[in-house]
Structure formats: C-alpha cells, structure tokens
Amino acid sequence: MVSKEAIQAAREAYDIEEACIREMKDYFDDEAFAKAVELLSEAPRIGTAGCGHSGIICQHMAHLMCCIERPARFISPAEAVHGATGFLQPGDVMIFASRGGKTKELLPIVDICKAKGVKIITVTENMESPLAQAADVVLKQHVNRETDKWNAQGTTSTTALCMIFHALQAAIIEQTGYKAEQFALIHPGGAVGERLNHKAL
C-alpha cells in the first residue's frame with residue numbers, strides 16, 4: 001500500500017515545478033534572449049552539449065531545432081573530443097547547458113569552438129561560471145529546488161532547462177516565419193502528421 005507521504009510528495013512536485021516556471025519570468029532577459037534567437041535563426045548548423053540530465057534535454061533541443069529545419073545535433077561530450085566537433089564550422093552555434101556552469105567535460109569543447117569561430121550560447125544558473133564567461137550569450141536558468149526531499153535529483157532543473165529551450169523554439173518559429181506546411185512535409189507520421197497534412201490538402 002502506497003503511503004500518504006508518497007502521494008503528498010507527488011502532489012508537492014507539481015507545486016514546486018509550477019512555482020519554478022512562474023519565477024523564471026523574473027529572470028527573463030529580453031536582450032540576451034533576442035541575441036540567442038538571432039544567432040540560432042541564422043546559424044548554418046547548431047550543436048548542443050550537456051552531461052547527465054542536462055545532456056538528455058540537450059538532445060531534445062537538437063530535435064526541436066530539426067523540427068523547424070534548423071540543422072542540429074547533440075554532440076556527446078565524450079565524442080566531442082574524439083572528432084565529433086568536426087560537425088561544427090565557422091559561423092555555427094553551440095549550446096551548452098550546465099546548471100553550475102563548471103561541468104569539466106564541456107570545457108574542452110569550448111576551446112574547440114573558440115578556435116573554429118563557433119558562437120557559444122550557455123544556459124546556466126551561475127552567471128559567473130567558466131561556461132558563462134566563455135559564452136557569446138548567457139541565458140539564466142533559475143531553479144527554486146528539485147522535487148525530491150533531498151533537493152538532489154535533476155527534476156525541476158530539467159523542467160527549467162526544457163522551458164528555456166521551448167521558449168527559444170517558439171521565438172525562432174516567429175523570427176524565421178516557419179510554416180505549418182513546412183513541418184507537415186517533414187512530419188507525415190503519427191497523429192500530428194495526419195492532422196497537419198489533412199489541413200495542407
């Protein structure tokens with residue numbers, strides 16, 4: 001039998017993450033966000049990198065960009081220093097996600113980006129961190145607390161990162177004038193594809 005405490009913890013998780021998203025608006029920097037949207041809208045290619053939970057959400061970001069025809073891929077930090085950064089060319093954009101901004105696996109990739117003339121966007125809570133200091137644009141990640149009782153699991157922090165990436169995609173769609181008809185062509189599968197292509201006919 002599930003305890004009352006377990007159910008209460010589940011309910012509180014909703015409250016914690018809802019509060020986080022509401023509070024994030026107070027840290028929204030119009031100028032930084034506009035610069036990030038401009039870079040991503042004009043980049044020939046986009047790379048994303050992060051470790052752990054941040055890396056998983058970076059994979060999601062790369063897919064979001066592909067869905068609006070901004071060529072992108074997640075670059076594994078392990079593979080990045082073994083040739084995968086060959087994907088990046090001068091004028092491209094690399095997105096780094098690190099709540100603390102000090103993830104040591106990402107720092108060598110920064111050096112490669114700098115040497116190749118690749119622009120850097122960093123999403124972090126620590127605006128004074130090495131990854132923030134190296135970036136062309138820094139987007140502030142705000143996290144009130146994680147949802148577990150030890151405030152240790154990557155839960156609310158991944159929601160906050162995901163929200164920033166979703167906001168970027170929404171803005172880039174507006175900036176580039178991306179049309180539903182374009183998405184219908186590359187997304188014929190599933191219920192979404194059926195709905196989009198039915199309207200397109």
Side-chain angles (χ1 to χ4, degrees), residues 13 16-17 20-21 24 27 32-33 35-37 39-40 43-89 92-116 118-148 150-172:
I16 291 167
E17 298 207 6
C20 180
I21 291 177
M24 285 175 67
Y27 296 91
F33 206 86
K35 180 74 179 296
V37 170
L39 287 176
L40 293 168
R45 285 163 297 274
I46 298 164
T48 68
C51 291
H53 288 97
S54 293
I56 292 168
I57 305 305
C58 281
Q59 293 179 53
H60 173 55
M61 177 57 171
H63 183 69
L64 283 175
M65 292 296 96
C66 288
C67 285
I68 54 173
E69 298 188 49
R70 312 305 308 158
R73 63 165 288 186
F74 172 73
I75 300 177
S76 160
E79 302 302 329
V81 294
H82 290 276
T85 43
F87 169 77
L88 299 167
Q89 300 299 316
D92 290 348
V93 174
M94 186 70 186
I95 301 173
F96 293 103
S98 169
R99 183 178 175 185
K102 300 178 182 179
T103 306
K104 63 181 181 179
E105 293 90 342
L106 302 180
L107 298 178
I109 312 174
V110 170
D111 295 335
I112 295 170
C113 289
K114 293 288 188 182
K116 295 190 75 169
V118 174
K119 297 293 185 181
I120 295 173
I121 297 172
T122 293
V123 183
T124 183
E125 200 172 32
N126 185 355
M127 305 298 277
E128 304 302 320
S129 63
L131 282 171
Q133 294 297 310
D136 297 282
V137 182
V138 185
L139 300 179
K140 171 74 172 177
Q141 181 182 10
H142 165 72
V143 182
N144 51 355
R145 61 158 290 130
E146 306 291 10
T147 57
D148 67 285
W150 300 292
N151 189 26
Q153 301 293 323
T155 49
T156 310
S157 53
T158 59
T159 298
L161 179 59
C162 213
M163 185 67 250
I164 291 169
F165 287 160
H166 291 176
L168 281 170
Q169 194 212 38
I172 294 166

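- Here CG of D111 is found 11.5 Å from CG of L106. Values are rounded to the nearest 0.5 Å.
- Taking CD of Q141 as the reference point, atom CE of M24 lies at 7.0 Å (rounded to 0.5 Å).
- Take E125 and apply the salt bridge (Lys or Arg N to Asp or Glu O under 4.0 Å) test, not counting sequence neighbours, and it matches R99.
- With values rounded to the nearest 0.5 angstrom, L131 atom CG is found 5.0 Å from T122 atom OG1.
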- Do T85 and M94 pass the side-chain contact (heavy atoms from CB on, under 4.5 Å) test, and can you show the C-alpha distance, the side-chain angles, and the key distance before you say yes or no? CA-CA 10 Å; T85 43; M94 186 70 186; over 6 Å; no

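- The side chain to side chain contact (heavy atoms under 4.5 Å, CB included) search around A32 returns D29, V137, L139, not counting sequence neighbours.
- Closest approach of I109 to A80, counting heavy atoms only: CD1-CB, 3.5 Å.
- Among all heavy-atom pairs drawn from T48 and C58, the shortest one is OG1-O, 2.9 Å.
- Shown here for P130 and G101, the closest heavy-atom pair between the two residues is CD-O, 3.4 Å.
- T103 places no side-chain N or O within donor-acceptor distance of the main-chain N or O of E105, the cut-off being under 3.5 Å.
- Listed by first and then second residue, the salt bridge (charged side-chain N to carboxylate O under 4.0 Å, His left out) pairs that reach into residues 45-58 are R45-D92, sequence neighbours excluded.
- Atom CE of M61 is separated from atom SG of C66 by 10.5 Å, given to the nearest 0.5 angstrom.
- Within the 4.5 Å cutoff, the side chain of V93 has no heavy atoms near those of the D136 side chain.
- Looking only at distances, no side-chain donor or acceptor of K119 sits under 3.5 Å from a matching main-chain atom of A43.
- L40 contributes atom CG, which lies 4.5 Å from atom CD1 of I172 (distance to the nearest 0.5 angstrom).
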When the side chains of residues 159-171 are checked against the rest of the protein, which donor-acceptor pairs come out under 3.5 Å, sequence neighbours left out?
unit_1	atom_1	unit_2	atom_2	d
T159	OG1	E17	OE1	2.5
T159	OG1	T155	O	3.4
H166	NE2	H60	NE2	2.9
Q169	NE2	L64	O	3.2

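- Residues passing the side-chain hydrogen bond (donor to acceptor under 3.5 Å, both in side chains) test with S54, sequence neighbours excluded: none.
- Residues I121 and L39 have side chains in contact (heavy-atom distance under 4.5 Å, counting atoms from C-beta outward).
- Scanning for side chain to side chain contact (heavy atoms under 4.5 Å, CB included) contacts around Q133 gives E128, with sequence neighbours left out.
- Crowding of K114 atom NZ: a count of heavy atoms from other residues, nucleotides or ligands under 6.0 Å exceeding 12.
- In this structure, the side chain to side chain contact (heavy atoms under 4.5 Å, CB included) partners of N151, at least two apart in sequence or on a different chain, are R145, E146.
- Here the closest non-hydrogen pair linking L88 and G47 is CD2-N, 4.1 Å.
- N126 pairs by the side-chain hydrogen bond (donor to acceptor under 3.5 Å, both in side chains) definition with nothing, not counting sequence neighbours.
- Residues A49 and F74 approach most closely at CA-CE1, 4.0 Å, considering heavy atoms.
- By the side chain to side chain contact (heavy atoms under 4.5 Å, CB included) test, R73 pairs with I75, A84, F87, sequence neighbours left out.
- Taking both residues in full, the closest heavy atoms of Q89 and G86 are given as NE2-O, 2.9 Å, listed atom of the first, atom of the second, then distance.
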